[in-house]
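Take a look at the structure set out below.
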Amino acid sequence: MVEHDALAATRDAYDAAAPTYAQLFRDTLRDSPLDRAMLGAFAEVVTASGDGRVADLGCGPGHITAHLDELGLAAFGVDASAAMIELARQAYPGLRFDVGSMAALNIADGVLGGILSRWSIIHTPPQELPVILAEFHRVLAPGGHLLLCFSASDDPSHLTQAFDHTVAVAYRWSPDHLAAMLRESGLAEVARMVRKPQPTDRRQFQEVQLLALRQGPSRRQG
């Protein structure tokens, strides 16, 4: 299938780019107070509603997984790129990292207090995204939270827009459209942050972080 070919091409491209990617992005949180604030809020709501077990899906070289661990979460990482996972294991030997696909997670139903998907859906062909959102819903416990990060399309009438990502073809999304897709998957939007591009940013795209909740009583509430 075309979609599977696209995902395989993305995986292979990240395998090839893994060392460079890890070097470029390992310190990104240092100069990103808004990102740190959103991750901190995510950690607080996950801890308040469950046991703090969190999957960082599309974890890359593991630096964000390590940050979640520092915030007190029982975090582990999953990525389709075996090269990325190897780098993550080398850098953070005390944490768990697995090779896997967001479309078919090797995670039991309803066991996670949280999912972080930080710019990991951007290479997913739009017609394949509902499968991934259904997987997010499946593995989250009722009351669990999803923090979904992506680049926004310029025009609200454009539900998605392809762009020339350095590694592989990628897509931007209308925030309202993606929030509606989350609702259809049983994940209710709780909050969103929209960050306008800085003059020095290579791409002048708005960045969006959506916090969503799998509805139902949390495990702590019974």
Side-chain angles (χ1 to χ4, degrees), residues 1-14 17 21 25 28 35 38-39 42 54-62 64-65 68 75 77-81 84-85 98-107 112 114-140 144-154 158-195 203 205-214:
M1 294 177 63
V2 173
E3 295 83 0
H4 292 169
D5 289 346
L7 294 174
T10 299
R11 179 198 62 215
D12 293 346
Y14 273 101
Y21 185 98
F25 293 101
T28 52
D35 285 356
M38 285 298 293
L39 290 169
F42 171 69
V54 169
D56 179 8
L57 301 181
C59 65
I64 304 298
T65 315
L68 295 177
V78 178
D79 201 283
S81 167
M84 288 288 195
I85 290 298
D98 299 327
V99 177
S101 167
M102 292 188 296
L105 294 165
N106 187 23
I107 301 172
L112 296 181
I115 290 174
L116 175 65
S117 174
R118 184 178 167 84
W119 280 275
S120 57
I121 65 164
I122 63 170
H123 300 295
T124 302
Q127 62 271 30
E128 290 294 295
L129 188 58
V131 174
I132 289 174
L133 298 183
E135 275 291 271
F136 291 175
H137 180 272
R138 180 184 68 79
V139 300
L140 275 174
H145 287 79
L146 164 69
L147 182 58
L148 185 66
C149 311
F150 57 97
S151 297
S153 57
D154 293 325
H158 293 162
L159 302 185
T160 63
Q161 289 178 300
F163 68 95
D164 59 340
H165 189 278
T166 304
V167 178
V169 174
Y171 303 89
R172 295 188 284 160
W173 293 82
S174 157
D176 289 340
H177 176 60
L178 197 40
M181 293 182 69
L182 289 172
R183 287 195 300 273
E184 292 170 1
S185 300
L187 299 163
E189 180 183 353
V190 173
R192 74 173 70 176
M193 182 183 78
V194 180
R195 175 185 172 276
R203 291 191 178 89
F205 300 161
Q206 290 188 340
E207 296 180 349
V208 181
Q209 301 194 39
L210 284 179
L211 182 65
L213 170 75
R214 179 179 169 179

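Computed from a predicted structure; not experimentally measured.
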Nearest atoms (heavy-atom pairs only) where T124 meets Y171: O-CD1, 3.4 Å
For the student: nearest non-hydrogen atoms of P126 and W173, plus distance: CA-CH2, 3.6 Å
Non-hydrogen atoms of L105 and E135 that approach each other most closely: N-OE1, 2.7 Å
Approximate separation, where rounding is to 0.5 Å, of I85 CD1 and D79 CG: 5.0 Å
Minimum heavy-atom distance G77-T65, with the two atoms named: N-CG2, 3.8 Å
Closest non-hydrogen atom pair, F42 against L116: CZ-N, 4.1 Å
Rounded distance (nearest 0.5 Å) linking atom CE of M38 with atom CD of Q209: 5.0 Å
Selection residues 184-194 - residue pairs positive for side-chain hydrogen bond (donor to acceptor under 3.5 Å, both in side chains), sequence neighbours left out: D176-R192, E189-R192
Q206 side-chain N/O to A152 backbone N/O, donor-acceptor pair under 3.5 Å: no
V208 and L178: CA distance, side-chain angles, deciding distance, side-chain contact (heavy atoms from CB on, under 4.5 Å) verdict: CA-CA 10 Å; V208 181; L178 197 40; over 6 Å; no
Residues which pass side chain to side chain donor-acceptor pair (under 3.5 Å) with D98, listed by chain and number, not counting sequence neighbours: R96
Between CZ on residue R138 and CZ on residue R214, distance to nearest 0.5 Å: 10.0 Å
Interatomic spacing from CD1 in I122 to SG in C149 - rounded to 0.5 Å: 11.0 Å
Residues forming a side-chain contact (heavy atoms from CB on, under 4.5 Å) with V131, sequence neighbours excluded: A103
Validation row: F136, M102 side chains within 4.5 angstrom (heavy atoms): yes
Pairing residues for R118 by the side chain to side chain donor-acceptor pair (under 3.5 Å) criterion, not counting sequence neighbours: D35
Test side-chain contact (heavy atoms from CB on, under 4.5 Å) applied to P130 - qualifying residues, sequence neighbours left out: M181
Backbone N/O of S174 and side chain of S153: donor-acceptor pair under 3.5 Å: yes
Set of side-chain contact (heavy atoms from CB on, under 4.5 Å) partners for L182, sequence neighbours left out: L133, L146, L148, L187, L210, A212
Side chain to side chain donor-acceptor pair (under 3.5 Å) against S120, all qualifying residues, sequence neighbours excluded: S117
Shortest non-hydrogen separation from F150 to W119 and the atoms involved: C-NE1, 3.4 Å
Partner residues of A55 under the side-chain contact (heavy atoms from CB on, under 4.5 Å) criterion, sequence neighbours left out: L57, F76, I107, L112
